[in-house]
Protein chains: 2
Amino acid sequence: MDFEQADAINQAIRLLSLRHRARAAALLAPLGLHTGQEALLLELARTGPAIQSQLSEALGCEPPSVTLMTRKLEAGGHIRRSPAPSDKRASVVELTDSGKALADQVKQLWCALAEETVTGLPAETVAELPGILRTLTGNVDTRRSRRPQGDGSVVQRGSAGRIGL
Amino acid sequence: MDFEQADAINQAIRLLSLRHRARAAALLAPLGLHTGQEALLLELARTGPAIQSQLSEALGCEPPSVTLMTRKLEAGGHIRRSPAPSDKRASVVELTDSGKALADQVKQLWCALAEETVTGLPAETVAELPGILRTLTGNVDTRRSRRPQGDGSVVQRGSAGRIGL
DNA sequence: GCATAAATATTATGCGCATAACTAATCCTA
DNA sequence: TAGGATTAGTTATGCGCATAATATTTATGC
C-alpha cells in the first residue's frame with residue numbers, strides 16, 4: 001500500500017476518534033457525564049450487575065480505568081458497589097435507580113449521536129458499518145492475543161468479541 | 001434508529017479509537033514517539049515549514065496541544081522552531097535532518113499499520129473507507145462551524161477539509 | 001496442606017488532548 | 001492615527017486511558 005492511501009486511512013481514524021469523542025462529550029456534559037462513563041452505564045443496563053474485571057473486559061479498557069470510572073459514578077450516585085459474596089477480592093457493580101434513569105437518557109442521546117454520525121451515508125453502508133469497524137478494530141487489537149479475527153467478510157452483529165464472560 | 005444499532009455504531013467507533021491508538025503507540029514507541037507526534041512530523045514532511053496555528057488546523061487539535069507537541073519534538077531534536085520574520089507572534093516549525101529521517105521511518109510504519117488495519121476487508125471497501133470515515137468525521141465535527149459537509153456520496157480524496165490554509 | 005501462581009482491585013504516575021485565562025502582536029475601523 | 005477586536009502562542013488545570021507496582025484473595029501443583 002502506498003503512503004498516500006495508508007495515511008488517508010490512519011489519519012481518518014485518528015480524526016474520527018477525536019471528533020466523535022468530542023461530540024459525545026458535548027452531548028453527555030448536560031447529564032453530568034464524561035466520555036467513557038456512558039459506556040459503563042450502558043453495559044450495566046445491558047447485562048445487569050457485574051464485577052469490575054467483567055466491565056474492564058466489556059468496555060475494552062484496563063482495570064485502573066474502571067476503578068476510576070466506578071468511583072466517580074458512585075460518587076454521583078449512579079452506581080452502587082458491594083463486595084461479592086463468593087469472592088472477597090471482587091466488588092459487584094450495579095445501577096442505582098438514578099443510574100437507571102440516567103442510562104435511559106444516555107440511550108436516547110446515543111441514538112441521536114449515531115444518527116448524526118452516519119448522516120448522508122447510504123443505508124447499506126450504514127448497515128455494514130458496525131461490521132467494518134469491528135473488523136478494523138479486531139485487526140489492531142493487541143488485547144485479544146493478536147488473533148486476526150478478520151476473515152474477509154463483514155463481521156456478524158452482536159457481541160462478537162465476547163469470550164470469557 | 002433503534003438503540004441496538006446506534007450503540008453498535010458508537011461503541012464500534014469508541015473501540016476502534018482505543019485500539020488503533022494503542023496499536024499506533026506500540027509501533028511508534030521504538031522510534032521514541034508518542035501518539036500524535038507522528039501526525040505533526042508527517043504534516044511537516046508533507047507541506048514543509050508551517051506555523052503552529054496552521055499545524056493546529058491541519059492536525060485537528062487545539063493550539064495548546066500543538067505547543068506541547070512541538071516542545072517535545074524540539075527537545076528530541078526532530079524539529080526546529082524559529083520566529084516568523086513577518087509576524088512576531090508566530091513561530092515557524094520545520095523538520096531537522098533527524099526529523100526528516102524519522103518522518104521517513106514513520107511513513108513506512110504508517111503503511112504497515114494501515115495494511116494491518118484493513119486486513120481482510122474487500123478491496124472496494126478499503127477504497128471507499130477514507131471517504132466514509134471522513135463523512136462520519138464531518139458529521140460530528142464541531143470545530144468547522146457545524147457545516148454538515150456530508151452530501152451522501154463518498155467524499156472526495158485529498159485534503160477535503162482544508163479551508164483556511 | 002503448603003508454597004507458588006493467578007486473579008481482583010487499587011494507588012501512583014505519565015501522556016494526549018481539552019478548556020480557560022493570559023500576554024503580545026497584528027489588523028481594522030472610525 | 002488611536003483604540004478595540006482579532007490572532008498567535010503559552011501556562012495552568014482537568015479528564016480519560018495507559019502502564020507499573022502493590023496488597024489481598026483465590027486457585028493450583030506437588
Side-chain angles (χ1 to χ4, degrees), chain A residues 14-26 28-29 32-41 50-76 81-93 141-143 164-165, chain B residues 14-26 28-29 32-41 50-76 81-93 141-143 164-165:
Chain A
R14 177 187 136 80
L15 271 183
L16 176 59
S17 303
L18 288 177
R19 297 289 157 259
H20 189 265
R21 182 182 189 81
R23 185 73 184 123
L28 291 169
L33 291 176
H34 289 274
T35 318
Q37 299 178 341
E38 89 288 345
L40 204 157
L41 291 179
I51 70 172
Q52 294 184 198
S53 70
Q54 289 173 325
L55 293 174
S56 166
E57 178 70 18
L59 304 185
C61 59
E62 300 299 319
S65 302
V66 176
T67 294
L68 295 182
M69 294 165 70
T70 53
R71 179 181 302 166
K72 293 182 181 179
L73 286 171
E74 186 179 34
R81 296 164 69 193
S82 43
S86 61
D87 190 335
K88 291 178 185 173
R89 299 168 300 181
S91 70
V92 175
V93 183
D141 194 342
T142 52
R143 297 184 92 210
L165 296 181
Chain B
R14 175 180 190 275
L15 270 184
L16 176 58
S17 304
L18 289 176
R19 295 289 155 261
H20 188 265
R21 181 181 190 82
R23 184 73 184 124
L28 292 169
L33 292 176
H34 288 275
T35 318
Q37 300 178 340
E38 89 288 344
L40 204 158
L41 291 179
I51 70 172
Q52 295 185 197
S53 70
Q54 290 172 326
L55 294 173
S56 166
E57 179 70 19
L59 303 185
C61 58
E62 299 299 318
S65 302
V66 176
T67 294
L68 295 182
M69 294 164 71
T70 53
R71 180 180 301 167
K72 293 181 182 180
L73 286 172
E74 186 179 35
R81 296 163 70 194
S82 43
S86 62
D87 190 336
K88 292 179 185 174
R89 298 168 300 178
S91 69
V92 176
V93 182
D141 193 342
T142 52
R143 296 184 92 208
L165 294 182

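Computed from a prediction, not measured in an experiment: that's the story for all the values here. Chain letters run A, B, ... following the sequence lines, proteins first and then strands; every chain starts at 1.
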For residues S91(A) and Q52(A), determine if any side-chain heavy atom of one lies less than 4.5 Å from a side-chain heavy atom of the other.
yes
Using a heavy-atom cut-off of 4.0 Å to chain A, what are the terminal contacting nucleotides of DNA chain D, in 5' to 3' order?
dC15(D) to dT26(D)
Just call it for Q52(A): base, sugar-phosphate, or nothing, with non-hydrogen atoms closer than 4.0 Å on any strand.
sugar-phosphate
Describe the nucleic acid contact of S91(A) in one word from base, sugar-phosphate, nothing, applying a heavy-atom distance below 4.0 Å.
sugar-phosphate
Atom NE2 of H34(A) and atom P of dT19(C): how far apart are they, to the nearest Å?
13 Å
Flag, side chain of R19(A) to backbone of G60(B), donor-acceptor distance under 3.5 Å:
yes
Starting at CD of Q54(A) and ending at P of dA7(C), how long is that distance when rounded to a whole Å?
14 Å
Are any of the side-chain heavy atoms of L33(B) and L41(B) separated by less than 4.5 Å?
yes
Looking only at atom types and distance, does a side-chain atom of E38(A) sit under 3.5 Å from a main-chain N or O of G36(A), one as donor and one as acceptor?
yes
Reckon T35(B) touches a base, only the sugar-phosphate, or nothing at all at heavy-atom distances under 4.0 Å?
sugar-phosphate
All side-chain hydrogen bond (donor to acceptor under 3.5 Å, both in side chains) counterparts of S17(A), not counting sequence neighbours
S17(B)
Any sub-3.5 Å donor-acceptor pair from S56(A)'s side-chain atoms to C61(A)'s backbone N or O?
yes
Using whole Å, what does the distance between atom C1' of nucleotide dT8(C) and atom CG of L55(A) come to?
13 Å
Output one letter per nucleotide in nucleotides 22-27 of chain C: B when a protein non-hydrogen atom lies under 4.0 Å from the base, S when only the sugar-phosphate is that close, - when neither is.
---BS-
Expressed in angstrom and rounded to an integer, what is the separation of E62(B) atom CD from dA21(C) atom C1'?
15 Å
note: M69(A), atom CE; dT11(C), atom P; distance rounded to Å ~ 16 Å
Assign each of P63(A) and L33(A) to its nearest nucleotide of DNA chain D by heavy atoms, then name whichever residue's nucleotide is nearer the 5' end.
L33(A)
